[in-house]
Amino acid sequence: MAQIELSKSYDPSQVEDKIYQLWEQTGFFNPDHLPGKRRSAFVVSMPPPNVTGILHLGHALESSLMDTAVRYQRMRGKKALLVPGTDHAAVATQARVEDELKKRGIVNPRQELGRDKLLAEIRNYAEESKKIILSQIRKMGTSCDWSRLAYTFDAERSRAVNHLFKQMYDDGLIYRGYRVVNWSVKGQSTCSDDELVYVDQTTKVWTFKYAKDFPIPIATTRPETKLGDTAVAVHPDDERYKKYIGQKFIVDLGAQKPLQITIIADKNVDPNYGTGAVGVTPAHSQIDYEMYQANKNIGIIQVIGADGKMTEAAGRDYQGLTINQAREKFVSWLKDNDLFIKEEEIINNVGTSDRFGDVVESLPMEQWFIDVNKIIPGRQQSLKDLMRQAVTIGHRGDAKQKITITPERFYNIYLSWIDNLRDWCISRQIWWGHRIPVWYGPNKEVFVGEQPPTDGEWVQDEDTLDTWFSSGAWTFSTLGWPDKTKDLKQFHPTAWMQMGYEILFFWMARMILMSTYALDQIPFYHVYIHGILRDKNGKKFSKSVGNGLDPLEIIKQYGTDALRLSLIKGITPGNDSRFYEEKVAGARNFVNKLWNISRYVLQAVAEPKIINKQPQAQSLADQWILNDLSETVETVTQLLDSDAFSPAAEKLHEFTWNDFADWYLEIAKIEGGKDEILLYVLQQLLKLWQPFCPFVTEEIWQNFKAKDLLMVTDWPQSVKAAKDKRLSGDIECFIGVIKTIRNLRSESNIEPAKLIKIKLISATKKDLLEKQREIIKKLSRCQELEITDKSSAAKDSAVAITGEVEVHLLLAGLIDLKAEKERLNKELAQIENYIKSISAKLVNEQFLSRAPKEIVAQEKAKLAEAEDHLAKIKKQLISIG
RNA sequence: GCACGCUUAGCUCAGUUGGUUAGAGCAUCUCGUUUACACCGAGGGGGUCGGGGGUUCGAAUCCCUCAGCGUGCACCA
């Protein structure tokens with residue numbers, strides 16, 4: 001017996017920090033220090049968590065997924081690199097800190113603190129939050145290379161961002177333009193189209209006329225903006241209104257000046273919807289603005305300002321009013337002047353700012369944009385083209401530079417998004433973020449670059465960049481770009497990326513854009529899309545609902561391995577999944593099982609050493625478990641290669657618990673003398689589990705006094721044991737006998753002590769069963785076992801037939817014959833039914849002629865088997881009379 | 001409005017290109033306290049795979065249609 005004492009159950013809290021330190025000390029998280037010759041790289045850029053708080057379950061899921069992938073590839077002999085990092089999350093962080101400040105009584109943080117002080121507050125918050133998050137990532141067991149830690153807002157990344165901006169500016173892809181943009185009044189900043197959250201709202205729609213003699217009625221949900229109307233659009237073929245096209249009307253709605261309304265034609269107007277005509281407000285609607293660009297002569301009047309109040313142009317009566325005040329006033333004015341026609345309630349969905357929560361206004365403004373349609377100098381392609389190609393024919397038509405996406409349905413979602421993509425507004429008026437690297441000189445010269453010229457007064461652009469601008473560069477800014485570093489050369493494109501589908505457009509699209517543009521490379525070869533986690537009732541986890549589960553609390557209670565396993569098991573790519581405590585408890589039970597299996601093996605063997613080569617099988621059971629292991633290795637490897645994490649874990653679980661623990665170990669206890677096989681199978685198992693449950697497996701591995709950490713051992717290879725054709729039949733017979741005896745006993749309510757004698761009668765399996773005699777006796781807990789090869793069923797016995805063996809259980813008045821008979825009759829009926837259905841199939845000519853030969857053969861075999869089974873049941877029935 | 005996803009055992013979900021009598025975990029019931037583990041072991045019950053139609057020798061799987069739920073996009077005059 002080995003001198004190893006392990007506690008009765010696994011205690012993660014005693015193990016995890018110690019093991020993580022051990023991993024870090026070895027330096028193996030850094031691919032440069034990995035042992036052995038490693039040619040190809042496997043790189044994952046960690047989706048950087050926002051520094052807006054603490055880690056939630058979504059992060060825990062991502063950590064588990066990417067770390068499992070990386071650990072697997074590290075064992076496969078790849079230069080595995082997981083680059084850790086955090087995201088400054090411009091708007092999200094500033095919004096969060098401003099909210100906090102407001103709670104502390106600072107009503108308007110920007111005004112009261114000023115730029116520098118507010119930035120200092122945000123920076124403090126971000127740094128604190130970052131510290132917490134990084135320690136939590138460690139707690140998850142994530143095997144990332146901390147020497148390459150990055151932050152989207154640190155000096156290196158800022159340099160990359162500025163460089164990228166200048167390059168795009170010089171190529172004419174970044175421009176400053178006056179356009180209608182989404183404006184959050186509350187946040188005092190623009191938002192991109194993708195940052196809008198649409199919410200259903202009950203609103204009224206008002207129908208009115210501009211003037212009593214105006215020929216076309218107009219409907220609107222935003223009456224106050226009508227003070228800025230400059231045109232009415234109708235369908236060019238609309239018989240009712242055709243004749244007015246091109247005419248101008250002067251109407252006075254009480255704005256600063258009477259409005260000149262031009263009737264214009266636009267194919268997008270649906271003549272059958274509403275009044276069939278659209279009042280055009282170029283300044284306060286993106287679509288109207290586009291109409292304005294096609295008909296510039298109509299003019300543009302801005303009646304709402306950046307402060308969310310009516311402007312001077314709205315007229316003396318309205319200037320300074322809020323939108324709601326102006327709306328009420330204008331509607332009552334319409335009524336007073338007999339221009340009002342009707343009002344109805346409708347459900348309208350409005351865009352709100354995802355971070356500030358207010359309904360966004362469309363306002364015309366001077367902002368910075370990325371032109372996604374312009375041909376890139378020297379490339380004959382636009383950014384849109386690049387984004388499309390990367391997932392279709394491959395970057396620049398190179399099939400090797402093609403991104404694959406799991407699951408496939410996201411290709412189309414992504415592509416249709418690109419089709420609708422407008423120029424990307426990248427400037428924000430918040431302060432937390434990369435300041436736009438543009439300076440304006442004393443004579444209004446424009447300088448773009450990192451450092452402004454020193455002559456005269458140069459003033460930097462006040463705005464900051466959309467946070468996704470820096471996130472888009474993440475795969476390469478973390479590897480040293482714009483310098484031509486060794487990292488960049490050997491690690492980019494990265495291998496694998498994962499993300500939730502909710503940031504597909506925000507992030508995946510932008511990474512593809514930036515990387516294909518700046519490096520002429522795709523950012524990664526493969527994307528795994530995961531769903532979001534929901535609670536037991538299918539609700540999203542959220543702070544405001546208060547249904548959040550803290551990963552750290554779960555780790556405290558159940559351990560990291562259990563958390564990781566429970567997150568990965570039972571999920572499918574791209575689909576949401578529910579998460580609740582019972583799942584973790586189940587996973588914890590498994591981890592404990594693994595621990596106890598190891599504990600038993602370590603106690604049972606003479607010396608706990610590493611067994612590298614598959615040992616020779618000594619018995620039927622050995623052969624069986626080795627073959628089974630080999631098959632498991634093959635399957636799990638295949639599954640992991642195709643990102644099927646959950647099925648891989650399930651397959652392993654089944655082998656570990658059902659086959660190895662419940663059957664093989666029980667047999668091994670009786671057969672004895674199996675040190676090498678026990679150690680070998682266990683060690684292979686630990687390797688297979690390492691990517692999923694790194695802590696417990698590494699902790700157990702310590703007991704073998706191996707040279708290397710488990711983390712850097714080689715992934716198991718499938719080694720088929722010598723193929724014995726009889727193997728599967730024999731093992732089935734052997735296990736079948738044990739199970740049968742158990743069944744007879746349990747279903748007949750015979751107490752073990754009263755079980756007197758069992759006869760096994762077999763023509764061909766006698767030797768086999770003689771050899772396994774002790775195992776059968778112990779596992780089935782019968783006291784006596786008589787094995788003969790004569791088929792002489794005693795009259796007072798119940799017969800069960802397994803394989804080629806009949807098990808006769810002497811009744812001795814102990815079996816409930818009635819119950820047994822009932823059971824058998826039920827089974828009989830089932831089988832007869834089954835035989836009927838197969839027989840019908842086998843006389844069906846169409847089946848015989850059209851089905852493939854294998855299938856027909858299969859069906860015939862099934863029939864034979866069933867008939868055999870039927871015969872056995874009948875025999876059993878006869879035997880009990 | 002368009003698109004996508006989901007609907008399978010009491011619950012949570014698997015089910016790869018159509019082919020054993022549709023699976024797992026949890027829950028439930030019966031039995032079991034054997035020295036790795038009660039965070040355990042052996043068994044059982046439980047499903048006309050959302051409804052309807054079609055293709056096929058054969059459909060949970062492919063097609064059509066309806067319903068419920070969810071998501072994205074557009075519209076929002």
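Protein chains get the first letters and strands the later ones, always in sequence-line order, with residue 1 at the start of each.
Taking side-chain N and O atoms only, A:Ser837 has no distance below 4.0 Å to OP1 or OP2 of B:U21. Contact check, A:Lys862 against B:U21: a side-chain N or O comes under 4.0 Å of OP1 or OP2. Look at A:Thr207 and you won't find any side-chain N or O under 4.0 angstrom from OP1 or OP2 of B:A77. Checking the phosphate oxygens (OP1, OP2) of B:C6, no side-chain nitrogen or oxygen of A:Asn575 falls inside 4.0 Å.
In this structure, A:Asn295 contributes its side chain and A:Met291 its backbone to a donor-acceptor pair below 3.5 Å.
B:G50 sits 33 Å from B:G43 when the C1' atoms are compared, rounded to a whole Å. Comparing the C1' positions of B:C62 and B:U55 gives an interatomic distance of 8 Å, to the nearest angstrom. When the P atom is used for both B:U8 and B:C73, the distance is 27 Å, rounded to whole Å. Look at the C1' atom in both B:U35 and B:G41: the space between them is 15 Å, to the nearest Å. Across B:U34 and B:C29, the matching C1' atoms stand 24 Å from one another, rounded to whole Å. B:C31 and B:G70 have their C1' atoms separated by 44 Å, with the value rounded to a whole Å. Rounded to the nearest Å, the gap between the C1' atom of B:G68 and that of B:G46 is 25 Å. Comparing the C1' positions of B:A74 and B:A27 gives a spacing of 45 Å, expressed to the nearest Å.
Here A:Pro647 lies out of heavy-atom contact (under 4.0 Å) with every strand. Among the protein residues, A:Asn844 comes within range of the sugar-phosphate backbone only, with heavy atoms under 4.0 Å from sugar or phosphate atoms but none that close to a base. Within the 4.0 angstrom heavy-atom criterion, base atoms lie near A:Ala661. Among the atoms of the strands shown, only primed sugar atoms or phosphate atoms (P, OP1, OP2) are found under 4.0 Å from some heavy atom of A:Tyr580. Within the nucleic acid shown, A:Asn412 has no heavy atom closer than 4.0 Å to any nucleic acid atom. Within the 4.0 angstrom heavy-atom criterion, no nucleotide atom of any strand lies near A:Val232. Base contact: A:Ala851 has a heavy atom under 4.0 Å from a base atom. Base engagement by A:Arg588 is indicated by at least one non-hydrogen atom pair under 4.0 Å involving a base atom. Residue-level contact check: A:Ile287 touches the backbone only, with heavy atoms under 4.0 Å from sugar-phosphate atoms and none from bases. Within 4.0 Å of A:Ser646, counting heavy atoms only, lies no atom of the nucleic acid at all.
One interatomic measurement links the two molecules: CG of A:Asn348 to C1' of B:C76, which rounds to 5 Å at whole-angstrom precision. Rounded to a whole Å, the NZ atom of A:Lys593 is 13 Å from the P atom of B:G25.
Pairing for B:U61 is absent, with no Watson-Crick or G-U wobble pair whose two atom distances lie under 3.5 Å. Applying the Watson-Crick and G-U wobble criteria (two distances, each under 3.5 Å), B:A24 pairs with B:U12. Of the nucleotides present, none pairs with B:U56 by Watson-Crick or G-U wobble criteria with both distances under 3.5 Å. B:G47 is unpaired under the Watson-Crick or G-U wobble criterion, no partner having all donor-acceptor distances under 3.5 Å. When Watson-Crick and G-U wobble pairs are counted only if both distances are under 3.5 Å, B:A38 pairs with no nucleotide at all. Nucleotide B:C76 is matched to nothing when pairs are restricted to Watson-Crick or G-U wobble geometry with both distances under 3.5 angstrom. Under the Watson-Crick and G-U wobble criteria, each requiring two contacts below 3.5 Å, nucleotide B:U7 is paired to B:A67.
Judged by distance alone with a 3.5 Å cut-off, no donor-acceptor contact links the side chain of A:Lys8 to the base of B:A36. Residue-to-nucleotide contacts include no donor-acceptor pair under 3.5 Å from the side chain of A:Arg409 to the base of B:C4. The base of B:A36 lies close enough to the side chain of A:Glu666 for a donor and an acceptor atom to sit less than 3.5 Å apart.
Under a 4.0 Å N-O distance rule, the pair A:Glu582/A:Arg588 does not qualify as a salt bridge. Between A:Glu634 and A:Lys651 no salt bridge is recorded (no basic side-chain N to carboxylate O distance below 4.0 Å). We find that A:Asp419 and A:Arg388 are joined by a salt bridge, their nearest charged nitrogen and carboxylate oxygen being less than 4.0 Å apart. The residues A:Glu224 and A:Lys226 are annotated as not salt-bridged, no charged nitrogen and carboxylate oxygen being separated by less than 4.0 angstrom.
Between A:Val360 and A:Cys191, the shortest heavy-atom contact is CG1-SG, 3.9 Å.
A heavy-atom distance below 4.5 Å is not found between the side chains of A:Ile218 and A:Trp206.
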